[in-house]
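Heads up: the structure comes next, in structure tokens.
Sequential numbering from 1 along the given sequence is applied to the chain's residues. What you see below is based on every heavy atom in this structure, not just the backbone, and it leaves out hydrogens, waters and symmetry mates. As the structure is a prediction and not an experimental result, all values here were calculated from the model.
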Amino acid sequence: QVRTVESGGGLVQPGGSLRLSCTASATTLDYYAIGWFRQVPGKEREGVSCISGSSGRTYNADSVKGRFTISRDNAKNTVYLQLNSLKTEDTGVYYCATIDECGATMVRIWGYWGQGTQVTVSS
């Protein structure tokens with residue numbers, strides 16, 4: 001099964017930016033739809049952004065629309081999530097995973113949750 005690995009998190013001030021990366025071992029990610037999820041303390045894990053495996057169609061949750069951009073570089077077998085104009089409420093652990101369909105109801109399939117990467121937005 002697919003095992004995704006996240007990186008790129010860190011501590012930034014409100015309004016700052018980060019770029020998260022998602023890759024996988026033993027597989028080529030371009031075949032799969034990939035979603036980014038985040039776990040905010042005290043809340044359920046939520047899907048925030050995704051990209052389809054074939055058409056390149058993307059989706060962003062209303063809470064991040066206009067601020068987050070998902071992209072992929074198949075040559076590097078990597079999916080990126082560019083986080084701009086970060087807010088304190090964006091703080092959480094961010095995960096990537098293969099998903100069934102790119103959209104608001106994205107659901108992880110086949111793979112396992114990784115360790116995630118911590119994003120902390122604080123002044």
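The two residues Ala61 and Gly47 have their closest heavy-atom pair at CB-O, 3.9 Å. Residues Ser49 and Asn60 share a closest heavy-atom pair of OG-OD1, 2.8 Å. Pairing each heavy atom of Arg3 with each of Gln115, the nearest pair is NH2-NE2, 4.4 Å. Closest of all the heavy-atom pairs between Thr117 and Gly9 is OG1-N, 2.9 Å. When all heavy atoms are compared, the tightest approach of Leu11 to Ser122 is CD1-CB, 4.2 Å.
In this structure, Ile70 is a member of the same hydrophobic cluster as Val119, with clusters built from ILVMFWY side-chain heavy atoms closer than 4.5 Å. Met106 and Leu20 are members of different hydrophobic clusters when ILVMFWY side chains are connected at heavy-atom separations under 4.5 Å. Under the 4.5 Å side-chain contact rule for hydrophobic residues, Tyr95 and Phe68 do not share a cluster. In terms of hydrophobic clustering, with Ile, Leu, Val, Met, Phe, Trp and Tyr side chains grouped at heavy-atom distances under 4.5 Å, Tyr94 and Val40 are assigned to different clusters.
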Donor-acceptor contacts, no H, no angles, side chain residues 86-93, under 3.5 Å, sequence neighbours left out:
unit_1	atom_1	unit_2	atom_2	d
Asp90	OD1	Arg38	NH1	2.9
Asp90	OD1	Arg67	NH2	3.1
Asp90	OD2	Arg67	NH1	2.7
Asp90	OD2	Arg67	NH2	3.4
Asp90	OD2	Lys87	N	2.8
Thr91	OG1	Thr88	O	2.9
Thr91	OG1	Val121	N	2.9
Thr91	OG1	Val121	O	3.4

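Between Arg19 atom CZ and Gln82 atom CD the span is 7.0 Å, to the nearest 0.5 Å. The distance from atom CD of Glu6 to atom CD of Gln118, rounded to the nearest 0.5 Å, is 12.0 Å.
Residues passing the salt bridge (charged side-chain N to carboxylate O under 4.0 Å, His left out) test with Glu101: none are found, sequence neighbours excluded. For Thr4, there are no side chain to side chain donor-acceptor pair (under 3.5 Å) partners, not counting sequence neighbours. Shown here are the ring pair (Phe, Tyr, Trp, His ring centres under 6.0 Å) partners of Tyr80, two or more places apart in sequence or in another chain: there are none.
Thr98 places a side-chain heavy atom less than 4.5 Å from the side chain of Ile34. A heavy-atom distance below 4.5 Å is found between the side chains of Cys50 and Ile99.
Judged as a ring-ring contact (aromatic ring centres under 6.0 Å, His included), the pairs with a partner in residues 34-57 (not counting sequence neighbours) are, in order, Phe37-Trp113. A side-chain hydrogen bond (donor to acceptor under 3.5 Å, both in side chains) check over residues 7-18, counting only residues at least two apart or in different chains, returns the pairs Ser17-Asn84.
Between the side chain of Arg108 and the main chain of Gly35, no donor-acceptor pair closer than 3.5 Å is present.
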